[in-house]
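The next block holds one structure in the form of structure tokens; read it before the comments.
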There are 2 protein chains.
Amino acid sequence: MMSDGDAGRSGAARPGAGSARRARGRPRSFDRETALEKALLAFWEHGYEATSVSDLTRVMDIGAPSLYAAFGDKRSLFDEVVRVYGARYGSFTDRALAEEPTARAAVARMLREAAAVYTEPGRPHGCLVVHAAANCSNPEVEQSLRERRTANVAAFERRIRDDVAAGVLPADTDAGALARYTGAMIQGMSQQARDGASREELESLAEIAMSVWPHAGTATG
Amino acid sequence: MMSDGDAGRSGAARPGAGSARRARGRPRSFDRETALEKALLAFWEHGYEATSVSDLTRVMDIGAPSLYAAFGDKRSLFDEVVRVYGARYGSFTDRALAEEPTARAAVARMLREAAAVYTEPGRPHGCLVVHAAANCSNPEVEQSLRERRTANVAAFERRIRDDVAAGVLPADTDAGALARYTGAMIQGMSQQARDGASREELESLAEIAMSVWPHAGTATG
DNA sequence: TTTTTTCTGTAACGACCACTAGAAAAATCT
DNA sequence: AGATTTTTCTAGTGGTCGTTACAGAAAAAA
């Protein structure tokens, strides 16, 4: 058919890094990364189960056999989507934890950036990791995202413990509870974003959330 | 078949309140309220879409035609389930708002009771209103629960405004942001409960969440 | 008893689900 | 050119979805 202009055969990804020689057989008519990003947006908006393979082939603009040849089955496509999402849209938490000098500053930055990321115009609102496997009949899919969420909370807890050990936070700080509080806050912000809260609303919400932290030296509210 | 003991024909609800005369035709072989509660638990655990009519007829132990005759279609059964859930399991927020003397006390009680309700043994964890319509292909179902969530946040906000007007809370309190913060906290606690957090963990989380509130006179933390 | 009314079990309906067999098409290799 | 390899399109597969037609069963009404 090829009815949509000259969108076809534009990509034809290289077979290997650095090699300019083409692959052997008929080349792919679509760009794999572009199609993957379309799948990512669909899964992000509607979740794993509510996004049918038929939906996917429509938004990716490819036939079902092409999808299965390029990405495996629906499950492995979703797994790849989750990896790409984590690297492209979900890495702000890891960056904040790694780059900010204190746990408090890291969480403050995380919540501020979450307010922006979860309400970015032109993209699904909220966090794919929080929502995309909710009410999923496949327990493995649900578990895979649950593990990512608990891993995030565990990373918060480690960062808080570091600050307690360094004397930046009080010695009697309940690191586990504070980490879970932070995780619940982010997940609650994601839910609020899905329910229509604006970036500014989430930012003022985040500011309130930060007031539970002891202020290390400075007096900022 | 009637293979499960004498469980059948036990209920046969009265046709009208006070009237002892039986209904006209063949009496129902199951207790409507019992079956409705089973449907409630199924929808609570797996959500609207992931709970198939086949799942429902199995857990309610009735045939599909009986389900449709007694409850209408799947959608209207879910609507009734949501109403019953709100009255039986979700009313603790309204009670706290109505019975506690201040917004702060009401929210403190709400979060404390949420920690218990969302982790009650033998029941699905978390809140049906938060989770059961996530990733739902039917936008009306998703919207109906979204409206309940936003109505709850609006009720928080009204209660907070009352305290601001009464001088119980500072005049510069951002009632909307504090209400959304509370809603996000409850929703985050529900998500944490789904992810396996215990009642005690949610309680210490709630205690942290309450520390953002100005303390009206008393010194409790 | 016969009629009327309502419920119950069987057994399907069309629509969609994730997935794939098979043939034609488009490239490289010989 | 012809052979080989890979992708594409068409057209399905069996299974499950929500829902219902139909006939028999169980009660009250006549």
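Sequence lines set the chain letters: A, B, ... in the order given, protein chains first and strands last, and positions in each chain run from 1.
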(message) Among C/dT8, D/dT19, C/dT20, which nucleotide has an atom closest to any side-chain atom of A/Pro65?
(response) C/dT20
(message) Between P on C/dA25 and CD1 on A/Ile62, what's the gap in Å once rounded to a whole number?
(response) 21 Å
(request) Identify which nucleotide among D/dT8, C/dA18, D/dT20 has an atom closest to any side-chain atom of B/Tyr68, counting heavy atoms from C-beta outward. (result) D/dT20
(request) Whole angstrom is fine here: how far is it from CZ in A/Phe71 over to C1' in C/dC19? (result) 16 Å
(message) Quick check for you: to the nearest 0.5 Å, what is the distance between A/Leu77 atom CG and A/Leu36 atom CG?
(response) 6.5 Å
(request) Just compare D/dT19, C/dT8, C/dA26 and give me whichever is closest to any side-chain atom of A/Pro27. (result) C/dA26
(message) Which is more 5' along DNA chain D, the nucleotide nearest B/Ser54 or the one nearest A/Gly63? Just name the residue.
(response) A/Gly63
(request) Mark yes or no for a side-chain to base donor-acceptor pair under 3.5 Å between A/Arg26 and D/dT7, with no hydrogen or angle criteria applied. (result) yes
(request) Examine the side chains of B/Gln143 and B/Arg146 and answer whether a donor and an acceptor come within less than 3.5 Å of each other. (result) yes
(message) Rounding to an integer number of Å, can you tell me how far B/Leu77 CG sits from D/dG18 C1'?
(response) 13 Å
(request) Can you tell me the distance, in whole Å, between the CG atom of A/Asn138 and the P atom of C/dC17? (result) 17 Å
(request) Would you mind classifying the nucleic acid contact of A/Val53 as base, sugar-phosphate or nothing, using non-hydrogen atoms under 4.0 angstrom? (result) sugar-phosphate
(message) If you compare every side-chain N and O of A/Ser29 against the phosphate oxygens of D/dT8 (OP1, OP2), does one of them come in below 4.0 Å?
(response) yes
(message) Nearest whole Å is fine: how far is C/dC19 P from A/Leu56 CG?
(response) 10 Å
(request) Check the distance between C/dT5's P and B/Arg28's CZ and give it to me in whole angstrom. (result) 18 Å
(message) Using the side-chain heavy atoms of B/Arg24, tell me which of these nucleotides is nearest: D/dA21, D/dT10, D/dA29.
(response) D/dA29
(message) Could you measure the distance from the OG1 atom of A/Thr93 to the CE atom of A/Met110? Nearest 0.5 Å is fine.
(response) 6.0 Å
(message) Judged by each residue's nearest nucleotide on DNA chain D, which is more toward the 5′ side, B/Gly25 or B/Lys74?
(response) B/Lys74
(request) Would you mind reading off the distance between A/Phe43 atom CZ and C/dA18 atom C1', rounded to a whole angstrom? (result) 12 Å
(request) Please report, rounded to the nearest Å, how far the C1' atom of C/dG9 is from the CG atom of B/Leu67. (result) 14 Å
(request) Give one of base, sugar-phosphate or nothing for B/Thr57, where a contact means two heavy atoms less than 4.0 Å apart. (result) nothing
(message) Taking the cut-offs as 6.0 angstrom to the six-membered ring centre and 45 degrees off its axis, would you call A/Lys74 and A/Tyr48 a cation-pi pair?
(response) yes
(request) Compare the minimum distances between each of D/dT8, D/dA29, C/dT8 and the side chain of B/Ser66, then state the nucleotide with the smallest one. (result) C/dT8
(request) Just call it for A/Ala64: base, sugar-phosphate, or nothing, with non-hydrogen atoms closer than 4.0 Å on any strand. (result) base
(message) If we count only N and O atoms by modelled type, under 3.5 Å, do the side chains of B/Ser76 and B/Asp79 hold a donor and an acceptor together?
(response) no
